[in-house]
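Below: one structure, written as C-alpha cells.
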Amino acid sequence: MEPKLKTEPLDRFVEEEEPHPAHSFEWCLNGKTPTSVTCNKAGTVEDSLKKSSQFRTTAKKNKDKELVIVRDGKAISSHFPCSLIGKERLTVKYVKSEGKAKKLGSHVKTEGKAKKPGCRGSSDELVIFNVLTKGGKNVVKIMRNPALTKIVQKITVYAKKGEKVKQALKRDGRFMNIIFKKTCALFHMKTEVNTEMSNLVDDLDGNTYQIILLSKSSPPDSQPGSLDDAYMMSSESQRSDSDENKDPSQQSTITESVNDNAPQSKLELNGNTAPEKILRKIPLAQKIQNHLSSEFEHSVKKMKTVSKLSRIQNIMRVEYGKNDQTCREVKTMKKLMDLSNSVCHVRINGSAAGTGFLLFDNFALTNGHVLKDIYNENRKELDERVTVHFSFESLDQVVGGQDSTGEMEVEEVAGFEYCPDASGHMYDWALLRLSANQTLPTGLLTHFGFLPKSGGICIIGHPDGGVKKIDPCLIIPSEKRNQVVEKSCHENQGHIQLVTRNFFEGVAESVQRNTQVLTYESCFYFGSSGSPVFDRHCRVVAMHSGGYDYQSAKGETQSVIEFGYCLSDILEHIIVQLVQRGRSDVLKSYLACSYAHHQNVMSNVKKLVESRNFTAFKNVVNSSVDINDESLQKFFEFFSLKEESVPMDISY
C-alpha cells in the first residue's frame, strides 16, 4: 500500500526531531585536538556540533565566515543528516563567506532532520554521492563559494530515493545556478556515462561524478504537475507564514496534483471536463483482502526458509574454513610478536590519526589519507606536528597528554601520493622521515613479500586509535568477493537503517574493479589505516587501508569487506618518485637495505617506467653520470640498460 501523502511542504523530510540510537563522532578545528559529540535525535550535523560548547565558541568567533565540514576528505553540507555520520572524525574549517551560500544553508537546514530509511517507506531512503568541486569544459566554476575548491576536490551530496538529480543539487545549496540554467549532467569518471538532471538519484549511491555541460541552451521544462516542478517551486521560494497556513482544502489540491498515481480527468471532444468516476465499495472486499494477505505471508515465509537453509550451508563452509586456516602455530605468532615492534601509532598534535610501520632505516610508511588534511603537497610541508609511537600497547600510556614518552618526531614527508594513476588504480601512501636521535626497531622491508592468492593473513595496528592489536583473518579471493557482499546484504535485509541494496551493489562493483588490492574481512576499522598485513610466512605483503562501512540497525559501525594496497606496487611508486624528485639521500638509504625480492622490484620499476613513459625519471637517469656513490651508480646503470633481461647485480 502506498504511503498517504501529507500536505506538509515538499522541501522538508520531517517537521520534528525523532529519537534514534545514540551515536558519537569526533570533530576538530583544522587538525587540532578532537572533541567528541553524542547525538540521539535526528537532526543536522551542525545541530549536533552546536551541542559542543567549544564549537559554539568557535562559531561565534567566525560568525562572518562560512562553515565547511570535511568528512573523509570530502565536504558535507551543514544540513547533512547527522544520522549518516558514523564513529568517525570530522574536520571543521571556516572560509570567507560568499553571502548567497550562507543564506542557502539556513534555508535548507530543516532538510537535514531526516528520518532513517524505512521509517516512512522506501521513498524515504537516502542515497549519498560525491561531486567534484570543479566542472568540465565550459562549466569549470560551479561552486557558489570558490574558496571551497581550495580545501577539497569533492563534496558529498545526500538525497531522498525517488528524487531527481536537480532536486538534490538544488537542496544542497553550494552549486551556482548556471548548472541549472544550462543543460548539464553528471559524468561518471570511470564508466564515462552521463546522468541527466532529470534522472532519479536512486542509482547514484556511493559514486563520484563531475558536472559537465551538454548544451548551452536551457534545459527542457519538467512535465506540468510533476514532483520536480512542485519541489522547485517550494524550495526556491521563501515561504511566508500565510503561505504555510493556507486553507487545508487548497493544500489538498496541491498534494493531489503532484501524485503521479492519481487518476487524471479526461477531456471530451467538446473540450469540457468529463465527469469524475464514481467509486463504489467492492462486496466482501475486507474478507478477500484478509485472505490474500494471509496467502502472501505464508508464501514469503516458505521462500525465506528455503533461501535461508541454502545460505546457512554456504556460511558454515566459509566459517569452518576460516577458523581452520587462521589458527596460528606458536612459533609463527612469536615471530609476529617480534615484528610488531616495528608497527607504530601515528599521531597529529598528540591525537590518534592512524597506524604506520618502519620500512627501512629511519623511514616509516603509512597511508596518504592519514595526513592529507595537514600536508601541503605544493610546499612539501606538514602544517601540524606529527609523531609516531612504537610501543603504545597499554591504556595506562597517556595519548596526547602530559606523558609523551616514546614519541618520535616526524621530520618530513619524504614521499607522498594520494591519487589514482593513469589506469585508475588508487595510490595512497606517505613515506615519513623520523628523527634519528632515538633507537629504532628493525625495518620491515627485509620481510617483504608479494601478494598471495589465498590463505590466512595477520594485520597488526591501532584500530579506533587504541592500543596495538593483532587480527588474524582470511584472504577473500577476487572470484569470491561478490559472495561476501551478497552475504552481508542478505544479513541486513529487513533492518531499518541508512543502507540500501544500491549500496551493496556499488560495493560489489567496486571490489570487482579493484583487482590490484588484497581483500579480506577484518575487525580493524578507523585508526588502523597504514597497518602492515602479513601473510602466513610473516612477510609484509600489503598495507591495510580501508573498507566499505555502514551503520547497522543498532547504530554500530560495520563493514562489508576491507582491503589493503599491495606493498610491491607502493614500493615501485616510492622508487619512481624519489628519482623524479632527486631524493638521492633517501634512495641511498633504501638501497642500503638488502632484501630477497629487491631485483624483482627493480625489474618491475623498469617495466613501469617504460610502459608509462616517465620522462622525468628517464631525464634524471640520463643526467646521473657524475654520481660518486657506488650504489647509486649501479642503480642508474641498471635503468640505462636497454636489454630488460640483463639482471641487476647489486651487492651491499
Side-chain angles (χ1 to χ4, degrees), residues 10-14 17-18 20 23 25 39 41-49 67-86 88 90 101 104-133 142-144 148 152 154-175 179 186 188 195 197 199-209 211 227-228 231-232 235 496-507 548-551 555 557:
L10 292 173
D11 63 341
R12 298 185 181 181
F13 286 176
V14 292
E17 295 182 346
E18 291 194 356
H20 62 64
H23 64 100
F25 64 91
C39 173
K41 288 185 178 181
T44 68
V45 174
E46 188 176 13
D47 289 338
S48 295
L49 288 173
L67 171 65
V68 177
I69 306 172
V70 180
R71 177 201 190 202
D72 192 26
K74 298 174 278 290
I76 60 176
S77 61
S78 59
H79 53 87
F80 193 83
C82 182
S83 51
L84 292 177
I85 304 297
E88 53 193 299
L90 306 179
L104 280 168
S106 61
H107 170 52
V108 293
K109 181 178 176 182
T110 56
E111 296 166 355
K113 300 177 181 179
K115 287 185 178 179
K116 287 191 174 184
C119 292
R120 294 176 59 190
S122 61
S123 63
D124 283 336
E125 293 179 353
L126 301 182
V127 296
I128 298 175
F129 58 96
N130 305 312
V131 180
L132 299 183
T133 54
I142 57 174
M143 307 309 298
R144 288 182 179 271
L148 195 59
V152 293
K154 304 174 185 176
I155 67 171
T156 299
V157 178
Y158 71 93
K160 288 175 61 178
K161 190 174 181 181
E163 285 185 331
K164 295 184 179 179
V165 174
K166 186 176 181 181
Q167 291 174 250
L169 299 184
K170 279 262 188 179
R171 181 196 304 109
D172 185 271
R174 291 175 287 181
F175 295 96
I179 69 170
L186 298 184
H188 196 290
T195 300
M197 292 290 187
N199 281 23
L200 299 182
V201 299
D202 297 34
D203 296 326
L204 306 188
D205 199 34
N207 295 323
T208 300
Y209 300 90
I211 293 179
L227 181 62
D228 189 39
Y231 171 79
M232 292 307 169
S235 65
I496 298 174
Q497 57 186 29
L498 291 176
V499 59
T500 66
R501 184 167 184 87
N502 285 341
F503 166 76
F504 291 102
E505 291 174 352
V507 172
Y548 300 86
D549 65 284
Y550 61 93
Q551 291 290 105
T557 298

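- No side-chain heavy atom of Lys41 sits under 4.5 Å from any side-chain heavy atom of Asp47.
- Of all heavy-atom pairs between Ile142 and Thr133, the closest is CG1-O, 3.4 Å.
- In this view, Thr195 and Val165, Leu186, Asn199, Leu204, Tyr209 satisfy the side chain to side chain contact (heavy atoms under 4.5 Å, CB included) rule, not counting sequence neighbours.
- Side-chain contact check for Phe175 versus Met143: some heavy-atom pair is nearer than 4.5 Å.
- In terms of modelled atom types and a separation under 3.5 Å, the side chain of Asp202 and the main chain of Lys161 share no donor-acceptor contact.
- Heavy atoms only, all atoms of each residue included: Ala75 and Leu148 are closest at CB-CD1, 4.1 Å.
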Applying side-chain contact (heavy atoms from CB on, under 4.5 Å), run through Leu200 and Glu163 and close with a yes or a no. CA-CA 5 Å; Leu200 299 182; Glu163 285 185 331; over 6 Å; no

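- Taking CG of Leu84 as the start and CZ of Arg71 as the end, the distance is 6.5 Å to the nearest 0.5 Å.
- For the side chain to side chain contact (heavy atoms under 4.5 Å, CB included) test, residues two or more places apart in sequence or in another chain that qualify with Lys74 are Asp72, Asn130, Lys154, Thr156.
- When all heavy atoms are compared, the tightest approach of Leu126 to Pro81 is CD1-CG, 4.2 Å.
- The closest donor-acceptor contact from the side chain of Glu88 to the backbone of Gly86 lies under 3.5 Å.
- Side-chain contact between Asp172 and Ile155 is present, with at least one heavy-atom pair separated by less than 4.5 Å.
- Between Tyr158 and Val201 the shortest side-chain heavy-atom distance does not fall below 4.5 Å.
- A heavy-atom distance below 4.5 Å is not found between the side chains of Ser77 and Glu46.
- In this structure the side chain of Ile85 reaches within 4.5 angstrom of the side chain of Phe80, judged on heavy atoms.
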